[in-house]
Amino acid sequence: NLITTMFFPILEKQNWLIHLHYIRKDYEACKVILDCQQLSLIFRLEGNIQESLELFQTCAILSPQCADNLKQVARSLFLLGKHKAAIEVYNEAAKLTQNDWEICHNLGVCYIYLKQFRKAQEQLHNALHLNRHDLTYIMLGKIHLLEGDLDKAIEIYKKAVEFSPENTELLTTLGLLYLQLGIYQKAFEHLGNALTYDPTNYKAILAAGSMMQTHGDFDVALTKYRVVACAVPESPPLWNNIGMCFFGKKKYVAAISCLKRANYLAPFDWKILYNLGLVHLTMQQYASAFHFLSAAINLQPKMGELYMLLAVALTNLEDPENAKRAYAEAVRLDKCNPLVNLNYAVLLYNQGERKGALAQYQEMEKKVSLLKDSSSLEFDSEMVEMAQKLGAALQVGEALVWTKPVKDTKSKHRTTSTSKAAGFQQPLGSNQALGQAMSSAAAHRKLPSGAGTSQLTKPPSLPLEPEPTAEAHPAEAAAQIREKQE
């Protein structure tokens, strides 16, 4: 026995040496000492997944009753994107070991990639029944986000936070979900808790900044964004939000500079392109606005507000025919926003098409009636004024269904996004942090992507004709109602 030990040293005696080389990332030295299974793990760490898979398969052949070897084979198959094959191997491993939460969890993840969400939920619930883990809660919540069920996702993340109250990723994600639903108090509470445990959590800081930006606190939001810029200087949502802060402060050149950096980092993000089009409209750079809005439409062709802004740009570029086509598409896609019909009616009236203008005006009134019935809100005073002018010009002014006195001209409460121009044309993407925190679930909420958007003193994208004494706004359509009446 002594001679055997001298010539065939026990591997465990060299654990200290293996550990020393491993923590130094001296993998080549580790390979000299390690056996087949440990060597496979080293190959995987180096990114040589195929070599790792082959070695693990060899280990599985040598020890066919070892479930760990099969789990490692399945893991390598998963990393190679062979999810169906990984599921088969995990099922084989499950036959060798009972009540293994890791197998159930990994099966659930594989089913997520195959978009078999029902099976994924079953496996993840089984994993939670066997052993509760933060990661299982996160994956289960992502399934509900992928299915668009925010309420169930919130319930899952609430249970996860109860189980692990100091997990900053769970707290941040839950805060972002509340933020998306507009429940700002709970959002602020959970984001604040996340920052308490991890003051450098850039996702929570970015979300908190977007909340402040939503309420018009642009300077405070910019202070938060400076902290985030140190951690993730190449974050597209960060530069988008910084750009829209400058936009709210009417520093348009700085806004364009930041938005173009965001666009460079994420050229296929339609929200950034939307915002670039909006800022260029504000600066009366209609050709540039047309360029960015067209690009946004190519990426998000089902959004009516984009077509309306494109029509505004085309109107200012003196292309009324294409502007009509853009408005027609906006009306087809957007069934709620009365501003689309109002601006379309203004354009048709200016082109001498009174019949078409009247039809759009009446459609606008129908939408306004539905909005008044569904919720108590005040309409933007400029929008009401323009509708009154157009109604008088079309001799239907007495039929206005939305005329009502403003409660307080000093405070001027803004209406909600379903009836207010800023709600539709406000800068999008102020809360893109959600898309980043859960990029697999909500890159487009459609937003976001529910997102809070920056509240502006006067919505710069409102395409209405100003009073003769008022300062003409660059993003407004050329609606020459007054001249037509004269």
Side-chain angles (χ1 to χ4, degrees), residues 304-305 307-309 311-312 314-316 320 323-409 412-425 458-473 475-486:
E305 292 83 5
Y307 287 96
M308 188 177 76
L309 283 182
V312 173
L314 288 167
T315 301
N316 285 279
K324 290 177 188 177
R325 295 190 183 96
Y327 274 129
E329 187 66 14
V331 169
R332 186 183 71 82
L333 293 171
D334 196 317
K335 305 300 182 183
C336 300
N337 186 359
L339 187 60
V340 176
N341 301 94
L342 176 59
N343 286 313
Y344 193 12
V346 169
L347 176 65
L348 292 173
Y349 180 84
N350 289 337
Q351 295 297 312
E353 301 179 23
R354 294 176 61 90
K355 185 177 180 180
L358 180 60
Q360 291 301 321
Y361 186 88
Q362 292 172 341
E363 185 65 26
M364 173 200 68
E365 287 187 319
K366 292 179 183 177
K367 291 182 179 180
V368 170
S369 298
L370 292 174
L371 291 174
K372 289 187 68 177
D373 294 339
S374 61
S375 61
S376 58
L377 47 83
E378 288 184 24
F379 297 96
D380 187 86
S381 58
E382 190 175 3
M383 185 177 178
V384 174
E385 184 179 358
M386 179 54 61
Q388 290 174 333
K389 286 184 178 182
L390 181 59
L394 294 172
Q395 299 179 349
V396 292
E398 296 173 356
L400 281 172
V401 298
W402 59 359
T403 307
K404 63 180 180 178
V406 179
K407 291 183 180 179
D408 185 357
T409 57
K412 280 192 179 180
H413 294 292
R414 289 298 194 187
T415 183
T416 58
S417 62
T418 54
S419 63
K420 170 188 173 186
F424 286 102
Q425 273 63 260
K458 178 179 178 182
S461 56
L462 183 63
L464 300 175
E465 178 66 14
E467 286 294 314
T469 56
E471 181 181 356
H473 203 284
E476 297 171 345
Q480 305 297 335
I481 298 296
R482 185 175 61 83
E483 286 81 351
K484 289 289 181 182
Q485 285 179 298
E486 294 177 354

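Heavy-atom basis, side chains included; hydrogens, waters and symmetry copies ignored.
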All side-chain contact (heavy atoms from CB on, under 4.5 Å) counterparts of R332, not counting sequence neighbours = E329
query = For the atom pair CD (Q360) and CG (L390), what is the distance rounded to the nearest 0.5 Å?
reply = 10.5 Å
request  = Drop me the distance from N341's CG to Y361's OH, to the nearest 0.5 angstrom.
outcome  = 12.0 Å
query = Can you name the closest pair of heavy atoms from V368 and P338 and give their distance?
reply = CG2-CB, 3.8 Å
note = The reported gap from CG in L370 to NZ in K335 (rounded to nearest 0.5 angstrom) is 12.5 Å
query = Within a strict 4.5 Å, meaning less than it, do heavy atoms of the V312 and N343 side chains meet?
reply = no
query = Between A323 and T315, what is the shortest heavy-atom contact and its length?
reply = CB-OG1, 3.6 Å
Value rounded to 0.5 Å, distance of CG in L333 from CE in M308 = 12.5 Å
inquiry  = For a 4.5 angstrom cut-off between non-hydrogen side-chain atoms, does R354 reach L358?
reply    = no
request  = Give, for atom NZ of K367 and atom CD of E365, the distance between the pair rounded to the nearest 0.5 Å.
outcome  = 13.0 Å
query = Of all residues at least two apart in sequence or in a different chain, which pass the ring-ring contact (aromatic ring centres under 6.0 Å, His included) check with Y344?
reply = Y327
inquiry  = Quick check: closest heavy atoms across A326 and A311, and the distance to 0.1 Å?
reply    = CB-CB, 3.7 Å
Which atom of V340 lies closest to which atom of A330, heavy atoms considered = CG1-CB, 3.7 Å
request  = Measure the spacing between CD of E305 and CG of D334 and express it to the nearest 0.5 Å.
outcome  = 4.5 Å
